[in-house]
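Below is one structure, written out as C-alpha cells; the observations come after it.
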Amino acid sequence: MPELPDVENFKRYLDATGLHQRIENVAVLNAKILHGCSGETLSQALTGHELTGTHRHGKHLFAAIDDGPRLMLHFGMTGRLAYFKDLKDDPEHDRLRLDFANGYHLAYVNQRLFGQAAIVEDLAQFVAEQELGPDAFANDLDEEAFQKLLAGRRGQVKSALMDQSLIAGLGNVYSDEILFKAHLHPKTPVNSLDRNVIAKLYRAMREVLRVSIDSGAGSEELFERLPDDYLLPHREEGDKCPVCDGEVQAIKASGRTAYYCPACQPLEREK
DNA sequence: TTCCATGTTCCGCA
DNA sequence: TTGCGGAACATGGA
C-alpha cells in the first residue's frame, strides 16, 4: 500500500526501531532493487555507521547515515519494513537487510521488485532530479500553494492528483479516497474547478492523509480503524457506498482503475 | 489459464 | 508543451 500515508507510517516505524544503532552488516538479497548504485557501494555506505534520522518526500523515505548521505527507499507497489530479532522471522520477500549490533534486523521487504534502494548524497538534488513536486502533506503546502499548482492545469483531476511532478505522494488508492471526500468525479477536468472547489479538494486531501496516517495506513488494521464513511474498505466494483448506499463503480482513468460512487461524485457539479 | 494489482517509465499520438 | 493510453517491468492471488 505504499502511498504517502503508508510511507509516513513506515517512517515512524523506522524512527521507533532502527535509529541510533550500529549497523554491523548489510545483506543485499536482491540487487534488482538497487537504483544507481552497486550493492557494494550501498553496503559500504552503511556498514559501521548508524541511521540518525528520517525524512519523507512523497512516497520516498530517506534515512540519514551518521548525519551524512542518506539511504533512500521507495516501496513500489508492495513494499514495507520489518524489524525483528530472530533471523527465522526474516520475511519471505526481504530484499535488503540491515543487521544491527543489538542483534536485531531491519528488512526492506518488496515482493514485486518495483521498489528502489539507493544512497543519496544530496536530498534536494535528488528531489529535483526525480522531478518531484511538493509533498502533499508538507506544512508549507498550504491552500494558496495548492491553488497555484492547479492553476492552468488541464486534464482530469485524478491524473493531476497522481502526478508526482505536480504533487508528491498520492497514488491510485488515496486519490480515489480524496475525490470521494471532495465529491468530485475522477474525470472532472481540472480547468473546470473554481477556487471554492479547489479549496474543498485541498481540505479533503489533507484530511484524508491525516486520518489515514492516524488510522494505521500501511498496516493490516487500516480498514478496521478508518472512519465508517471512508471509501477504501469498499473499493470494489458493486460494493455499497458507505455514505449513500449507492453502488461503487470502477472506471479507467489515466491508465488506472478508479473507484467512485456515481451518486456522491457526479461528473457535472452545480456550484 | 487469464486477468489484475497500492508504482514508474517510456513511447506514440493528439 | 501537455496530457493520455498502452506496454513493460516482476510476482502472486483470485
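Keep in mind that what you see is a predicted model, and the values were worked out from it rather than measured.
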Determine whether a donor-acceptor pair (N or O, by modelled atom type, separation under 3.5 Å) exists between the side chain of E3(A) and the backbone of G171(A). yes

Which pairs, protein N/O on one side and nucleotides 10-14 of chain B N/O on the other, fall under 3.5 Å?
none

Would you please indicate yes or no on a ring centroid separation below 6.0 angstrom for Y104(A) and F84(A)? no

Please give, in whole Å, the distance from dT6(B) C1' to L4(A) CG? 13 Å

Counting Watson-Crick and G-U wobble pairs whose two distances are both under 3.5 Å, find the runs of 3 or more in a row that involve DNA chain B. B:2-5 with C:11-14, B:7-14 with C:2-9

Distance in angstrom units between H35(A) NE2 and dT8(B) C1', rounded: 10 Å

What nucleotide, of dT2(C), dT6(B), dT8(B), holds the atom closest to the side chain of R154(A)? dT2(C)

Ring centroids only, cut at 6.0 angstrom: are F75(A) and Y108(A) within range, meaning strictly under it? yes

With sequence neighbours excluded, what pairs up with Y13(A) under the ring-ring contact (aromatic ring centres under 6.0 Å, His included) test? none

The test is salt bridge (Lys or Arg N to Asp or Glu O under 4.0 Å); show your working for D99(A) and R97(A) and say whether it passes. CA-CA 6 Å; D99(A) 301 330; R97(A) 196 186 68 232; 2.7 Å; yes

Options dT6(B), dT2(C), dC4(C), nucleotide nearest the side-chain atoms of V173(A): dT6(B)

Output the rounded distance in Å from CD (E8(A)) to C1' (dT6(B)). 17 Å

Using a 6.0 Å cut-off, check whether atom CG of D228(A) has over 12 heavy atoms from anything other than its own residue. no

Ring centre gap for F126(A) and H60(A) strictly below 6.0 Å: yes

Under the side-chain contact (heavy atoms from CB on, under 4.5 Å) test, residues paired with P189(A) that sit two or more places apart: N191(A), S192(A)

Out of dT6(B), dT8(B), dG5(C), which nucleotide sits closest to the side chain of K187(A)? dG5(C)

Can you list everything that forms a side-chain hydrogen bond (donor to acceptor under 3.5 Å, both in side chains) with N172(A)? Sequence neighbours excluded, please. K158(A)

With ring centroids as reference points, do F100(A) and H105(A) lie under 6.0 angstrom apart? no

What does the B/S/- profile of nucleotides 9-14 of chain C look like, 5' to 3', with a 4.0 Å heavy-atom cutoff to protein? BBBS--

Any base atoms under 4.0 Å from Q156(A), or only sugar-phosphate, or nothing? Heavy atoms, all strands. sugar-phosphate

In whole Å, what separates the P atom of dG6(C) from that of dC3(B)? 15 Å

Contact class for R235(A) vs. all strands (heavy atom < 4.0 Å): base, sugar-phosphate, or nothing? sugar-phosphate

All ring-ring contact (aromatic ring centres under 6.0 Å, His included) counterparts of F180(A), not counting sequence neighbours: none

Whole-Å C1' distance, dG3(C) and dT6(B): 23 Å

Considering only heavy atoms, which members of residues 248-259 of chain A lie under 4.0 Å from some atom of DNA chain C? S254(A), G255(A)

Sequence neighbours left out, what passes side-chain hydrogen bond (donor to acceptor under 3.5 Å, both in side chains) with Q125(A)? Give chain and number order. E129(A)

Looking at H234(A) and V248(A), what are the two nearest heavy atoms and their distance? O-CG2, 3.6 Å

dist K59(A):NZ -> L73(A):CG (nearest 0.5 Å) comes out at 15.5 Å

When rounded to the nearest 0.5 angstrom, what distance separates CZ in R12(A) from CG in L61(A)? 12.0 Å

Could you tell me how far apart L161(A) (CG) and dG3(C) (P) are, to the nearest whole angstrom? 13 Å

DNA chain C contacts among residues 119-132 of chain A, heavy-atom distance under 4.0 Å: none

Contacts of H57(A) that satisfy ring-ring contact (aromatic ring centres under 6.0 Å, His included) - sequence neighbours left out: none

Whole-Å distance, Q116(A) CD to dG7(B) P, equals 14 Å

Identify, with sequence neighbours excluded, every residue that meets ring-ring contact (aromatic ring centres under 6.0 Å, His included) alongside Y230(A). none

